[in-house]
Amino acid sequence: MECLKNNSGDNIAGKKLSLLLFSCEYDKALAALILANSALEMKMTVNIFCAFWGLCLLRDPNKISAEEKTAWEKMFGLVAPQGADELPLSRLNLAGLGKAMLQEMMKDHDSPDLNDFLHNAQKKGANFFACKLSLDVMGFELEELLPGVEVLTAQEYLQDALTADIQLFI
Amino acid sequence: MECLKNNSGDNIAGKKLSLLLFSCEYDKALAALILANSALEMKMTVNIFCAFWGLCLLRDPNKISAEEKTAWEKMFGLVAPQGADELPLSRLNLAGLGKAMLQEMMKDHDSPDLNDFLHNAQKKGANFFACKLSLDVMGFELEELLPGVEVLTAQEYLQDALTADIQLFI
Amino acid sequence: MECLKNNSGDNIAGKKLSLLLFSCEYDKALAALILANSALEMKMTVNIFCAFWGLCLLRDPNKISAEEKTAWEKMFGLVAPQGADELPLSRLNLAGLGKAMLQEMMKDHDSPDLNDFLHNAQKKGANFFACKLSLDVMGFELEELLPGVEVLTAQEYLQDALTADIQLFI
């Protein structure tokens with residue numbers, strides 16, 4: 001691939017991929033996690049900062065709690081997607097039909113599903129962060145998220161992104 | 001936070017954050033402005049290039065004009081959001097109910113609202129730019145936007161982004 | 001423009017713009033291609049990696065085929081947009097009315113349309129890549145895409161993006 005030729009001399013291992021995952025759509029989370037897994041296979045460092053709707057990817061469906069929440073927070077916790085399996089498609093979701101179609105097509109190609117990509121990324125060492133302000137405003141508790149997630153402020157995200165080699169907002 | 005340790009030696013003040021704000025959703029604009037304010041508090045330079053729907057954030061609701069506009073431009077000016085307060089949510093907007101819920105939850109946490117974040121960013125020195133082509137096509141006049149906004153071409157945006165330390169498309 | 005002054009010493013020709021086009025909305029593809037054309041006019045290298053819905057931009061409406069496809073793939077191929085002209089707006093699409101309005105406004109300003117921007121970018125030397133995994137899962141064949149498109153894995157995209165000066169996820 002001629003137009004890519006100037007990559008050859010690069011040392012890829014140790015480079016850093018920084019993703020700000022804002023969206024909670026199934027396909028966008030899939031894109032983020034495919035990039036994460038690909039980067040990890042090349043020994044890159046992967047830091048994923050989940051903010052706003054992106055937090056939904058990190059929700060553990062077995063740990064959803066309504067304790068110590070305001071009425072708004074309880075309602076919001078119910079209507080927002082509860083973990084990777086519940087994320088909708090960004091297009092052609094068609095009340096779930098389009099998503100089921102995509103999942104069938106992925107199965108036909110022996111492609112892992114979103115949960116597999118998520119767990120693989122965690123196993124291979126991706127660092128998942130939850131945005132502190134988003135947690136507060138949306139009323140999610142760290143205990144309701146997947147294990148291993150750390151809380152980060154927007155300033156800490158920026159500090160980290162400054163030293164990344166690729167920064168994407170998804 | 002061990003995985004972030006390699007930031008410590010960095011000199012953050014003076015680094016540049018470049019945001020291309022394409023969307024006009026309330027939550028995405030909120031994300032952009034929280035990043036902007038956080039960066040400004042760390043003495044970073046913040047340049048926000050508003051294009052397409054992102055221009056809606058910069059519309060001053062008291063200055064909407066229909067003078068010297070074609071029929072399409074007048075109609076478009078009416079249906080597109082007129083300033084920060086009118087931006088819808090990207091998800092769960094539910095004809096405004098979801099947005100009202102989010103705003104209540106932000107109030108419960110004494111969080112500033114979108115307009116506060118916008119004015120704080122301006123006060124702290126964020127530079128807001130309007131995409132020239134978008135202004136032309138959408139029929140918005142610079143006079144209809146918030147004071148202090150400058151017009152920039154896509155080439156000027158790229159030139160500026162080339163010297164930025166973080167570039168995000170929101 | 002004072003806040004942009006630190007650009008002046010830069011050598012722009014030869015710098016690289018890397019776009020990951022995930023979305024298939026008309027306005028987002030327009031933003032991507034306006035950036036691409038602007039960068040090419042400044043002699044930058046432009047690599048556009050089309051993944052998921054972004055593949056729809058590259059579909060050649062005259063070459064859509066249903067041969068050797070599973071039932072899901074055939075159905076998906078029918079409901080997903082078939083090329084640049086079929087992409088919907090991300091906002092105010094209003095069953096095509098909003099898009100027609102935007103197109104009229106672009107015509108009023110003698111602005112090229114999406115297809116023009118696409119062909120100009122190709123003519124000026126933008127490199128278009130199709131994500132291998134997305135092609136497989138969505139059941140698109142390389143033969144159904146515009147001529148000149150190359151297939152790339154996510155790892156190859158990352159390797160290329162690592163050497164880019166601006167990386168955006170659209």
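When every heavy atom of B:Gln159 is checked against every heavy atom of C:Ile12, the shortest pair comes out as CG-CD1, 3.2 Å.
Between the CD atom of C:Gln167 and the CD1 atom of B:Ile166 there is a distance of 11.5 Å, given to the nearest 0.5 Å. Separation of atoms CD (B:Glu73) and CD (C:Glu104) is listed at 12.0 Å; rounding is to 0.5 Å. To the nearest 0.5 Å, atom OG1 of residue B:Thr70 and atom CE of residue C:Met105 are 6.5 Å apart. Atom CE of C:Met106 and atom CG of B:Leu133 lie 7.0 Å apart (nearest 0.5 Å). Taking CE of C:Met42 as the reference point, atom CG of B:Leu162 lies at 6.5 Å (rounded to 0.5 Å).
In this structure, chain B has a heavy atom under 4.5 Å from the side chain of C:Leu89, while its backbone stays farther away. Neither the backbone nor the side chain of B:Ile170 comes within contact range of chain C, judged by heavy atoms closer than 4.5 Å. Heavy atoms of B:Leu158 lying under 4.5 Å from chain C belong to its backbone as well as its side chain.
For NZ of B:Lys107, the number of neighbouring non-hydrogen atoms (other residues, nucleotides, ligands) closer than 6.0 Å is 12 at most. The number of heavy atoms from other shown groups lying within 6.0 Å of NZ (C:Lys43) does not exceed 12. When the shell of 6.0 Å around NZ of B:Lys132 is examined, it contains 12 or fewer heavy atoms from other residues, nucleotides or ligands.
Your options are B:Ser134, B:Gly125, B:Pro88, and the one with the most heavy-atom pairs under 4.5 Å with chain C is B:Pro88.
In terms of the ring-ring contact (aromatic ring centres under 6.0 Å, His included) criterion, C:Phe117 has no residue partners (sequence neighbours excluded).
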C:Ser90/B:Trp53 under side chain to side chain contact (heavy atoms under 4.5 Å, CB included): CA gap, chis, key distance, verdict | CA-CA 10 Å; C:Ser90 71; B:Trp53 309 105; 3.6 Å; yes

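Within residues 21-37 of chain C, the residues having any heavy atom closer than 4.5 Å to a heavy atom of chain B are C:Asp27, C:Lys28, C:Leu30, C:Ala31, C:Ile34, C:Leu35, listed by residue number.
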